[in-house]
There are 2 protein chains.
Amino acid sequence: MGRPLRPRGKLLQEDARRHHRALLLQQLFRDGPASRADLARASGLTRVTVSDLVGEMLADGLVTELGAPAESRVGKPPTLVGLAVDSHHIIGLDLSETDRMSGAVVNLAGSVQARHEVHVDGAQGDEAVALVQHLVSELRAMAERPVLGIGVGSPGVVDTAGTVIDAPNLAWTDTPLAARLAEAFDLPVLVANDANTAVLGEHTFGESGDGGLMVLRVGTGVGAGFVLGGSLLHGHLGAAGEIGHVAVDPDGERCACSRTGCLETILSAPRLRRRVAAPGADGPAELAAVGTRLGEVLAPIVAALNLHEIVLSGPAELLDGPLLDAADRTIRERTMPISSTGLAVRTSKLGEDVVVVGAAVLVLAGELGVS
Amino acid sequence: MGRPLRPRGKLLQEDARRHHRALLLQQLFRDGPASRADLARASGLTRVTVSDLVGEMLADGLVTELGAPAESRVGKPPTLVGLAVDSHHIIGLDLSETDRMSGAVVNLAGSVQARHEVHVDGAQGDEAVALVQHLVSELRAMAERPVLGIGVGSPGVVDTAGTVIDAPNLAWTDTPLAARLAEAFDLPVLVANDANTAVLGEHTFGESGDGGLMVLRVGTGVGAGFVLGGSLLHGHLGAAGEIGHVAVDPDGERCACSRTGCLETILSAPRLRRRVAAPGADGPAELAAVGTRLGEVLAPIVAALNLHEIVLSGPAELLDGPLLDAADRTIRERTMPISSTGLAVRTSKLGEDVVVVGAAVLVLAGELGVS
DNA sequence: TTAGTTAGTTCAGCGCACTTACTTATCGCT
DNA sequence: AGCGATAAGTAAGTGCGCTGAACTAACTAA
C-alpha cells in the first residue's frame with residue numbers, strides 16, 4: 001500500500017545502509033528495546049549486519065545498551081539495545097496561532113522538554129521571520145542536547161521545499177522560511193502547514209492505526225491534514241487539506257473570502273463560541289447542528305478515501321460532545337457501511353502540542369527515517 | 001512527494017538493480033528512445049552501469065537498438081535504444097459490465113492488439129471464475145508474444161493480494177481471484193477494482209499530469225479511483241473510491257442499498273437515460289441538475305486533496321456537456337481559488353478501454369516498474 | 001592533418017550485506 | 001559437577017553492484 005508506481009531516482013549502496021539503519025531505529029522506536037538478534041529477526045537482516053549497524057548507532061549515541069532482560073530463557077542472554085530518546089533534541093514550532101508563536105524542545109520520544117513563546121504583535125513579512133529566528137535561538141539555548149533539526153508548523157500553503165507560498169496573517173508570500181532558518185542556524189529545517197504537522201503528530205504519537213488518518217484542526221480557521229498509505233498528502237499545489245472554505249450552505253453567512261456559507265463561517269472556534277453564547281441559544285443543539293453540517297462535508301471525503309480515523313483537534317469543550325457525535329452520526333448516515341464500519345471519529349489526546357510535536361516528527365522522519 | 005515516512009523493509013543489492021532497470025525503462029517509456037549516454041545523464045547513473053543494464057535488457061528483448069539518429073552533432077554518434085513495445089504482451093480484463101466480461105491483448109505501449117469477450121448470462125461464484133479463466137485462455141491463444149502477466153479490473157472491493165472481498169453482481173465474497181488465475185496460467189496476476197484500474201489507465205496513457213488524479217466511472221453504478229502522489233490509493237479496507245452510495249439528497253429516491261438519495265440514484269447511466277427521456281423533461285437542464293449535485297459531492301474532495309484533474313468516464317452523450325459543465329462550475333463555486341485554479345475537469349479520451357488498459361498498467365507497474 | 005568532443009567499453013577497487021565458522025554464555029539434564 | 005543444547009554476538013572471507021579513470025571509436029571543426 002502506498003508504494004510509488006514509478007521508481008524515484010538512483011539508489012546507492014549508501015542509501016541502502018541508511019534505509020536499514022532507519023529500519024532498525026523504526027523498530028526500536030515503535031516496539032521499544034530489543035536485542036540485536038530480535039532486530040535481525042524483525043528486519044530480515046542478518047545478525048552480522050544488525051550488529052554492525054547497531055555498533056554505528058551506538059557510536060553516534062542514538063541507541064544505548066541496556067543489559068540483559070530480567071526473565072531468562074535458554075542460551076546466552078541477549079543485551080537489549082534501546083533508542084536513546086534524550087541523545088538529541090528537536091526544536092518544534094507552532095506558528096498557527098494569530099497572537100503568538102510557540103515552540104518547544106522535544107526529545108526523540110516526542111515528549112516536550114521545554115517551551116517558549118513570543119508575541120506576534122502584528123509582526124509581518126520579514127519582521128515575522130525575524131521573530132521566528134528569535135524564538136529558535138531562545139529554544140536552542142534551552143536545549144540541553146545536540147539539536148537534530150528544526151521543524152515548523154506554519155499557517156498557509158507550504159511547498160515541499162519549505163517555502164511558504166501564501167500565509168495572509170503573517171503576510172508571507174513565497175517566503176523561503178526553511179532556507180532562511182537553515183542558513184541562520186546551520187541545521188536541517190523542515191516546514192509544513194500546521195494541519196499537516198498536526199496529522200503527523202497524531203499519526204506518530206497519537207493512538208492511531210495504520211489506515212488513512214485525517215486531522216481536522218479547528219481554531220481561528222479550519223484546516224485539515226491527511227496521512228494516506230503512510231505518507232503525508234501534499235496535493236497538487238501543496239494545498240491539500242484546505243477545506244475551511246468549502247461551501248456548506250449557499251444561503252449562509254458571508255465569509256471573509258468573499259463567498260458565502262464557507263465551513264469556517266460556522267465551524268471556527270470564535271464563531272462556535274459566539275453561537276453557543278448567543279442569547280436564547282440552546283448550546284448543545286447549536287453544536288449538533290454544526291456537527292451535522294460538518295458530517296455532510298466529511299461524508300464524501302470518508303467514502304472517497306476509505307479513511308480509518310478522523311481526529312478533531314481544537315477546543316475540547318466545543319468539539320467533544322454534541323458536535324462530534326452529530327458529525328459521526330451524519331457521516332454514518334451518509335455513507336455505506338463498507339466506508340464507515342472501519343472508521344473512528346474522535347478528538348485528539350495530544351491537545352495543543354499536536355503541532356509542535358508533529359513538527360518534530362517532520363525532523364524525525366527526515367533525519368532518522370523514523371515515524 | 002509521496003515518499004513513505006517509514007522504511008518498508010529490507011533492501012538488497014538485487015533490489016537496487018531492479019530499481020535502476022525500472023528507472024531506465026521508465027525513462028524510455030515516457031520520453032521515447034534515447035542513447036545510453038542520455039539515459040546515464042537522465043538517471044544519474046554512470047555510463048558504465050547504464051551500458052550494463054541496457055545490455056541485460058537487450059538480452060531479455062525488452063529494448064532494441066535503433067541505430068544513430070538522423071541529425072549529427074559533434075563527437076561519436078550515439079546508438080539509440082528504445083522500448084520494444086511488442087516484445088511482450090499483456091492480458092487485460094474488464095469485468096465491470098454486468099452482461100459481459102471483456103478482455104484485450106495489450107502491448108507495452110498500451111495499445112490494444114486483440115479483443116475478446118464472453119457473455120456472463122447470470123454466471124455467479126465459481127462459475128463466473130471459470131468464465132474468467134475461459135476468457136483468459138482465449139486471449140492467451142490470441143497473444144502473439146510472450147505474455148508478461150494478467151491484469152484484471154473487477155467490480156467490488158478488492159484487497160492488495162488480489163482477493164475480491166465483495167462483488168455482489170458476481171456473487172464473489174473473499175474470492176482469491178488472483179491466486180486462482182495465477183495457479184491456472186502460471187503467470188503474474190494482478191487484480192484491482194475497475195475504477196482503480198481505470199485511474200491507472202488514465203494516469204499512464206491519458207493526457208494527465210503528475211498531480212492528484214481522480215477518475216469517476218459512471219456505468220451501471222458509480223465508482224471512483226485516485227492516484228495521489230504517484231500512487232494508487234487503496235484505503236483502509238481497500239474500499240477507496242466507493243462514493244456511489246454517498247447521500248446527496250436526504251429527500252431523494254430510495255436506493256437499492258436501503259438508504260435514500262445516494263449518488264447512484266441520480267448519476268448511474270440507466271438513471272440518467274431514463275431521466276432525460278422522461279416525457280416533458282428538458283434533457284440538458286436535467287443533466288445540469290445532476291451535474292450540480294455531483295459538484296456538491298466533489299467539492300469537499302477537491303478541496304481536501306487539492307486535486308489536479310478529475311476525469312469522467314462513461315457514456316459521453318450523457319456526461320460530456322451540461323453535466324460536466326455544471327459539475328465543474330459547482331466545484332469552483334464551492335471551493336477556494338487555491339483548490340480550483342490548478343484543477344481540470346474533463347472526460348476521458350480512452351473510452352471504453354480505460355479499464356483493460358489500466359489493468360495492463362497494473363502488470364506493467366508490477367513486472368517492469370513502469371507507469 | 002590535428003585538435004576537440006561525445007559515445008561507449010574495459011578494468012581495478014570500494015562499500016555493503018551475505019555466508020560460514022567461531023566464541024561466549026546460559027539452561028536443563030544426567 | 002559435567003555435558004549437550006540453545007542462543008547471542010563476533011570475525012573472516014565471498015559476491016554483487018556501482019564507480020572513477022583510462023581507453024577506444026567515431027565524428028566535427030579548423
Side-chain angles (χ1 to χ4, degrees), chain A residues 7-25 27-28 33-60 63-82 369, chain B residues 7-25 27-28 33-60 63-82 369:
Chain A
R8 302 260 172 204
K10 151 167 99 152
L11 204 58
L12 268 39
Q13 289 165 256
E14 191 188 326
D15 297 318
R17 189 134 181 110
R18 239 206 322 282
H19 177 89
H20 290 152
R21 234 178 98 123
L23 202 62
L24 301 186
L25 281 174
Q27 176 71 23
L28 295 174
S35 72
R36 293 167 173 82
D38 289 336
L39 290 173
R41 277 185 289 267
S43 66
L45 297 166
T46 60
R47 293 205 306 274
V48 182
T49 306
V50 170
S51 277
D52 193 37
L53 286 164
V54 167
E56 218 178 86
M57 298 192 291
L58 280 169
D60 293 351
V63 300
T64 38
E65 291 200 324
L66 303 171
E71 27 71 61
S72 69
R73 301 197 321 281
V74 249
K76 174 180 172 179
T79 32
L80 293 180
V81 291
Chain B
R8 302 258 173 206
K10 149 166 99 152
L11 205 56
L12 268 39
Q13 288 164 267
E14 190 188 326
D15 296 318
R17 185 111 180 135
R18 239 206 320 281
H19 177 89
H20 290 152
R21 231 178 103 121
L23 202 62
L24 301 186
L25 280 174
Q27 176 71 21
L28 295 174
S35 71
R36 292 168 174 80
D38 290 336
L39 290 172
R41 277 186 290 267
S43 65
L45 297 165
T46 60
R47 294 203 306 275
V48 183
T49 307
V50 170
S51 278
D52 195 36
L53 286 164
V54 167
E56 219 177 86
M57 297 192 291
L58 280 169
D60 293 351
V63 300
T64 37
E65 293 200 323
L66 303 171
E71 27 71 63
S72 74
R73 301 198 321 281
V74 237
K76 173 180 172 178
T79 29
L80 294 179
V81 290

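In what follows, chains are A, B, ... by sequence order, proteins preceding strands, each numbered from 1.
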Practice task
Produce a footprint string for nucleotides 12-22 of chain C: one letter per nucleotide, 5' end first; B if the base is under 4.0 Å from any protein heavy atom, S if only the sugar-phosphate is, - if neither.
Solution key: ---BBSSBB--

Fill in the blank from the handout: Those residues at least two apart in sequence (or on a different chain) that pass side-chain hydrogen bond (donor to acceptor under 3.5 Å, both in side chains) with B/Glu65 are B/Arg36

Fill in the blank from the handout: Nearest heavy-atom approach of B/Val50 to B/Ala40 is CG2-CA, 3.6 Å

Practice task
Would you please confirm or rule out a distance under 4.0 Å between OP1 or OP2 of C/dA7 and any side-chain N or O of B/Arg41?
Solution key: yes

Handout entry: Which residues share a salt bridge (charged side-chain N to carboxylate O under 4.0 Å, His left out) with A/Arg47, sequence neighbours left out
Key = none

Handout entry: Test item: A/Asp52 and A/His20 side chains (from C-beta on) under 4.5 Å apart, heavy atoms
Key = no

Exercise for the section: Please name all residues satisfying side-chain hydrogen bond (donor to acceptor under 3.5 Å, both in side chains) with A/Thr49, sequence neighbours left out, ordered by chain then number. Expected result: A/Thr46

Practice task
Apply side-chain hydrogen bond (donor to acceptor under 3.5 Å, both in side chains) to B/Arg73 and list each qualifying residue two or more places apart in sequence or on a separate chain.
Solution key: none

Problem - Between P of D/dA26 and NZ of B/Lys76, the distance in whole Å - result: 6 Å

Problem - Phosphate OP1/OP2 of C/dG8 contacted by B/Ser35 side-chain N/O (<4.0 Å) - result: yes

Practice task
Examine C/dA7: is either OP1 or OP2 under 4.0 Å from a nitrogen or oxygen in the side chain of B/Ser51? Give yes or no.
Solution key: no

Exercise for the section: In whole angstrom, give the distance that lies between atom CG of B/Asp15 and atom C1' of D/dC18. Expected result: 15 Å

With the criterion being N/O to N/O and under 3.5 Å, what pairs connect the protein with nucleotides 3-5 of chain D, and how long is each?
none

Exercise for the section: Mind calculating the distance between CG (B/Leu80) and C1' (D/dA26) to the nearest angstrom? Expected result: 15 Å

Completion exercise
Across all chains, not counting sequence neighbours, the side-chain contact (heavy atoms from CB on, under 4.5 Å) partners of A/Arg21 are A/Leu53, A/Glu56, A/Met57, A/Asp60, A/Leu62

Problem - Test side-chain hydrogen bond (donor to acceptor under 3.5 Å, both in side chains) applied to B/Asp38 - qualifying residues, sequence neighbours left out - result: B/Ser35, B/Arg41

